[in-house]
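As structure tokens, the structure follows; a few thoughts come after it.
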Amino acid sequence: MASIKIVALITMVVILLPTIAMATEFIVGDANGWKPNFDYQAWAKDKVFHVGDTLVFNYPSPPHNVFKVNGTGFKECVKPTTNDQPPLTSGNDKIELKTTGNKWYICSTSNHCALGQKLNITVMEGPPAPAPSSAVRGFIFSGYQVFMAAIVGVFIAVAA
Ligand SMILES: [Cu+2]
């Protein structure tokens, strides 16, 4: 019966869903967006960035832009001199974090970078590593899975 196959498929998804690590989309500065006179280091401080996550820069363009720079460019607010790395200027730029390590971004307009329109993050391996409390979390997950399996089981019994 086709409906049972569909229910079985839903069961699989519901049971597996909590174990799949979800990529996170970080809105840089949250509602503040990307602008001068904002503390992006404070914004980034309590966040953990993983490979596969995405940064979203929201800003009016012009005047702002997003340049990916190196540590020196970040510190001295200097954009890359080569033309092989054009700035992002869409005003809604999504940057997928593809590699681990330090990443630096600045706005090259006027003195915006010096005024704080600069972001430095460290990207970790993805997906998130299990925390020391993984035993506890594993128990919660398996509890959830048993619970959902029971619900779906009842649903199958009713539908059949
Ligand atoms: Cu700017």
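Both ligands and their constituent atoms are indexed starting at 1 by order of listing.
- Here His112 meets the criterion, with an N, O or S atom under 2.8 Å of the Cu ion (ligand 1).
- Other residues, nucleotides and ligands contribute over 12 non-hydrogen atoms within 6.0 Å of the NZ atom of Lys47.
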**Request:** Begin from the C-alpha positions of Tyr105 and Tyr40 and carry the test ring pair (Phe, Tyr, Trp, His ring centres under 6.0 Å) through to its verdict.
**Result:** CA-CA 10 Å; Tyr105 306 93; Tyr40 289 97; over 10 Å; no

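- Side-chain contact check for Asn58 and Trp34: no donor-acceptor pair (N or O, by modelled atom type) lies under 3.5 Å.
- Cys107 has its SG atom 2.5 Å or further from the SG atom of Cys113.
- Put simply, the angle at the Cu ion (ligand 1) from SG in Cys107 to OE1 in Gln117 is close to 100°, to the nearest 10°.
- Checked against the Cu ion (ligand 1), the N, O or S atom of His64 at the shortest distance is ND1.
- Look at Tyr59 and the Cu ion (ligand 1): no N/O/S atom of the residue is under 2.8 Å from the metal.
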